[in-house]
Amino acid sequence: MNTLSKIVAVAHVTVLESIRRKDPYVVLVLGLAIMFGAGIFSSFGVKGLEKFVKDIAFAVTNVFACVICVAAAARQLPNEIENRTLFPLIAKPISRTAFFLGKYLGVAVISSLVVLAFFVEIQVLFWIFKIEAGSVFYQAVYLRVVSMWFIAAVSLALSIILTQSANVTISLLLVLAMQTFANTLITVHSGLSGTGKRVAETLYWLAPHLELFNLGKLVVHEYPAVPAWVLLALTVYAILYSSIFLTAACLRLRRMPL
Amino acid sequence: MSQPIIEIKDLSVTYKTDRREQIPAVTGLSLDVYEGEVVGFIGPNGAGKTTTIKALLGFRFPSAGSARVFGLPAGSVESRKRIGYLPEVAQYYPFLTARETLKLYAKLGDIPKENHESLIDELIAKVRLTGRDREPLRGYSKGMLQRVGIAQAIMGSPDLLILDEVTSGLDPVARLHVRNLLLEFKHKGKTVFFSSHELTEVTMLCDRVVIIDGGRVVEQKTMADLRHAMRTFTVVAAGPSLPDPLPEGTQILNGENGRVHYTTPSKASCERIVQLLKDNGGEDLRIEVEAGSLEDYFVTTIGHKVS
């Protein structure tokens with residue numbers, strides 16, 4: 001049995017856990033209720049309410065998918081250690097790195113599935129209320145999935161040094177910061193000069209830009225599809241940033257006494 | 001003697017407190033376990049048994065000294081391929097069934113995929129979970145969970161079994177069953193290293209006993225030597241009481257018909273008492289030799305070393 005099969009085995013259990021805990025169902029039902037509520041408004045025939053429905057749908061998806069992703073990632077290692085389920089598992093011939101990557105893969109898969117389920121809900125909603133969405137809609141779905149891989153990496157990496165509750169809070173704040181940081185920094189940057197300006201520029205290039213993965217506004221305002229190279233570049237960007245967090249976490253985990 | 005399977009040399013392991021203080025859990029512990037041996041690792045709570053076992057599996061790292069298993073650094077993936085491990089408190093994913101749990105362990109344990117189903121059937125029958133194997137573990141009792149743990153530990157017939165409190169939480173019938181499983185392992189020539197508070201089990205299963213306290217080995221003996229050391233000698237005699245001082249550790253009990261029982265832990269003391277009785281007019285002398293219990297021996301040993 002090679003390492004990849006072991007990673008997949010751990011990932012499979014992680015996905016099963018989420019499904020059997022029924023967390024995603026609760027969020028999907030809640031999300032559907034909110035989006036359906038918004039959809040009812042559009043059925044009154046008021047012009048422009050379609051955009052409102054699309055906006056609500058994307059906002060709900062964004063928030064709930066992030067919550068599910070962070071909650072799933074944050075509990076993995078602290079729970080394993082606290083409940084002592086980790087010990088018999090890593091006594092088997094699996095490296096800590098492989099175990100961790102299995103956890104990551106599991107969280108990334110469950111978060112991606114939640115996003116896809118949300119977008120199926122949105123699609124049904126659009127179909128019911130006869131709302132048009134162009135091909136940029138599918139690009140938005142894809143980038144939202146990719147952004148989940150990144151969020152999962154950040155939150156899982158933090159779970160090595162933080163307790164579950166602290167990690168949930170900090171990860172959600174980080175996600176919020178990463179989605180709004182760039183715009184705030186651009187505003188601040190225009191008022192700075194000298195060293196301050198250079199620091200702001202360095203920060204801008206170093207900090208991860210989660211806002212780039214949000215095509216919600218393009219869908220709402222019916223923009224045409226973005227070029228394929230943009231999607232590819234953003235995918236590479238997410239993989240690179242995820243790798244940095246995962247590598248740092250694996251290095252820490254390898255030396256961590258359990 | 002062959003190369004040791006477990007080789008611990010001057011091992012020290014420390015824990016870091018919240019205040020970043022280093023608390024020693026194991027201090028300069030040295031120990032070898034050879035192929036085919038069944039070694040009982042006993043000691044009071046907090047003696048360092050679990051920490052030593054964790055170091056052998058690579059969960060904790062030595063602050064000094066070394067631990068090797070099968071000639072490889074303790075905790076290496078290669079060494080773990082040949083180890084079956086049962087933790088002190090066996091916890092498994094409550095949302096999985098016993099069958100799913102064992103399948104996960106089979107995947108992680110390098111068991112060929114085509115053997116999974118037959119092996120799992122065999123293990124489930126062996127730990128007597130047939131009929132309950134498709135229920136989620138959240139509904140299992142502590143004893144049933146321990147049996148799942150035993151099944152995952154013996155999966156693939158590992159060359160070395162490391163068991164931490166193997167019969168903890170088991171009822172007497174289940175305990176007997178586990179004992180038989182371990183005996184089966186022993187008869188196959190496998191090596192077993194286990195910690196236990198159940199000293200009866202240790203006496204029945206082990207070839208050698210290692211007593212640990214305060215993070216150090218305070219005594220290690222083969223069972224033959226231990227049985228010899230555990231013996232107690234009682235001299236029963238009629239006549240006047242013996243004057244003090246009596247040999248160290250002698251217990252006196254007044255029996256029927258004016259007979260006095262002098263119980264002592266060593267043959268030399270026994271001979272000394274016989275001589276004293278003869279010198280002081282003791283009559284109708286009788287010497288009784290009893291096997292003694294590991295529990296008494298353990299308490300005495302730990303008591304002596306601590307004081």
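Chain letters run A, B, ... following the sequence lines, proteins first, then strands; residues in each count from 1.
Considering every non-hydrogen atom in both B/F59 and A/R96, the closest pair reads O-NH2, 3.4 Å. Nearest approach of A/P88 to B/Q91, heavy atoms of both residues: CG-O, 4.0 Å. A/P93 and B/R80 get closest at one heavy-atom pair: CD-O, 3.9 Å.
Between B/D110 and A/K6 there is a salt bridge, since at least one side-chain N of the basic residue sits less than 4.0 Å from a carboxylate O of the acidic one.
Other residues, nucleotides and ligands contribute only 12 or fewer heavy atoms inside 6.0 Å of the NZ atom of B/K16. In B/K190, the NZ atom is crowded: over 12 heavy atoms of neighbouring residues, nucleotides or ligands sit closer than 6.0 Å. Heavy-atom contacts from other residues, nucleotides or ligands closer than 6.0 Å to CZ of A/R252 number 12 or fewer. No more than 12 heavy-atom neighbours from other residues, nucleotides or ligands sit within 6.0 angstrom of CZ on A/R84. Around the CD atom of A/Q164, the shell of radius 6.0 Å holds more than 12 heavy atoms that belong to other residues, nucleotides or ligands. Atom NE2 of B/H197 has more than 12 neighbouring heavy atoms from other residues, nucleotides or ligands inside a 6.0 Å radius. Within a 6.0 Å radius of NZ in B/K9, other residues, nucleotides and ligands contribute 12 heavy atoms or fewer. For B/E135, the CD atom is densely surrounded, since the number of other residues' heavy atoms within 6.0 Å is greater than 12.
For chain A, the nearby part of B/K54 is the side chain; its heavy atoms alone come within less than 4.5 Å. Residue B/E100 touches chain A through its side chain alone, counting heavy-atom pairs closer than 4.5 Å. Heavy atoms of B/L104 lying under 4.5 Å from chain A belong exclusively to its side chain.
In this structure, CZ in B/F95 is found 7.0 Å from CG in A/L16, a value given to the nearest 0.5 Å. Taken to the nearest 0.5 Å, the OG1 atom of A/T85 stands 10.0 Å off from the CG atom of B/L96. Atom CG of A/L258 is separated from atom CZ of B/F61 by 7.0 Å, given to the nearest 0.5 angstrom.
In this structure, B/Y93 and A/L89 have side chains that are in contact, with non-hydrogen atoms separated by less than 4.5 Å. The closest side-chain heavy-atom distance from A/I90 to B/L57 is not below 4.5 Å.
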